[in-house]
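Sequence positions, counted from 1, serve as the residue numbers for this chain. Source: prediction; values computed, not measured. We use all heavy atoms of the structure for the numbers below, so side chains are in, but hydrogens, waters and symmetry mates are not.
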Amino acid sequence: MASFTLRPSDRSQFDTLLGDLTSKFPAAHVEAAHNDTWNSYRVDVSCDAPWEGDLIAFIEGEHAGCPRT
């Protein structure tokens, strides 16, 4: 299982990340929260096998600059 909490830096990156995850990984569990007033953005995503390797590669390739835990 792959599980990440991503912290996009702004609303644009948040929207792009959320859209990419939901369209490319429909089996993933995605939860997202944002507060535009405080510029606070969070995307939690988890994915089971066999898609976990693809999810990790996607995040490292497409969204490598997005802080994650």
Side-chain angles (χ1 to χ4, degrees):
M1 172 182 231
S3 181
F4 298 98
T5 295
L6 299 127
R7 303 264 180 202
S9 60
D10 59 29
R11 182 60 186 255
S12 176
Q13 187 181 37
F14 172 82
D15 290 342
T16 300
L17 177 61
L18 188 57
D20 285 351
L21 288 171
T22 57
S23 67
K24 295 179 183 187
F25 298 94
H29 179 75
V30 179
E31 291 184 26
H34 65 86
N35 184 315
D36 291 327
T37 302
W38 294 348
N39 292 323
S40 174
Y41 307 95
R42 187 191 87 244
V43 177
D44 297 320
V45 59
S46 60
C47 189
D48 291 325
W51 301 108
E52 61 191 356
D54 293 338
L55 176 64
I56 293 167
F58 169 75
I59 290 173
E60 289 177 352
E62 299 292 320
H63 298 281
C66 185
R68 63 183 183 259
T69 57

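- Residues meeting the side-chain contact (heavy atoms from CB on, under 4.5 Å) test with D10, sequence neighbours left out: S12, Q13.
- For the pair I59/V45, a side-chain contact is recorded, criterion being any heavy-atom separation below 4.5 Å from C-beta on.
- Residue pairs meeting the salt bridge (charged side-chain N to carboxylate O under 4.0 Å, His left out) criterion with at least one member in residues 12-21, sequence neighbours excluded: R11-D15.
- Taking CD of E31 as the reference point, atom CG of L18 lies at 11.5 Å (rounded to 0.5 Å).
- For the pair E52 and A2, the tightest heavy-atom approach, listed with the atom from each and the gap, is OE1-N, 3.5 Å.
- Between D44 atom CG and H29 atom NE2 the span is 8.0 Å, to the nearest 0.5 Å.
- Summarising the geometry, atom CG belonging to L17 is positioned 11.0 Å from atom CZ belonging to R68; distances are rounded to the nearest 0.5 Å.
- Considering every non-hydrogen atom in both D54 and F25, the closest pair reads O-CZ, 3.6 Å.
- Summarising the geometry of C47 relative to A28, their closest heavy-atom pair is CB-CB, 4.2 Å, with the distance given to 0.1 Å.
- The shortest side-chain heavy-atom distance between I56 and F4 falls under the 4.5 Å cut-off.
- Using a 4.5 Å heavy-atom threshold, the side chains of R42 and R7 count as touching.
- When the side chains of ILVMFWY residues are joined at heavy-atom separations under 4.5 Å, either directly or via intervening members, W51 and V30 end up in two distinct hydrophobic clusters.
- Applying the ring pair (Phe, Tyr, Trp, His ring centres under 6.0 Å) test to Y41 and every residue at least two apart in sequence or in another chain returns F14.
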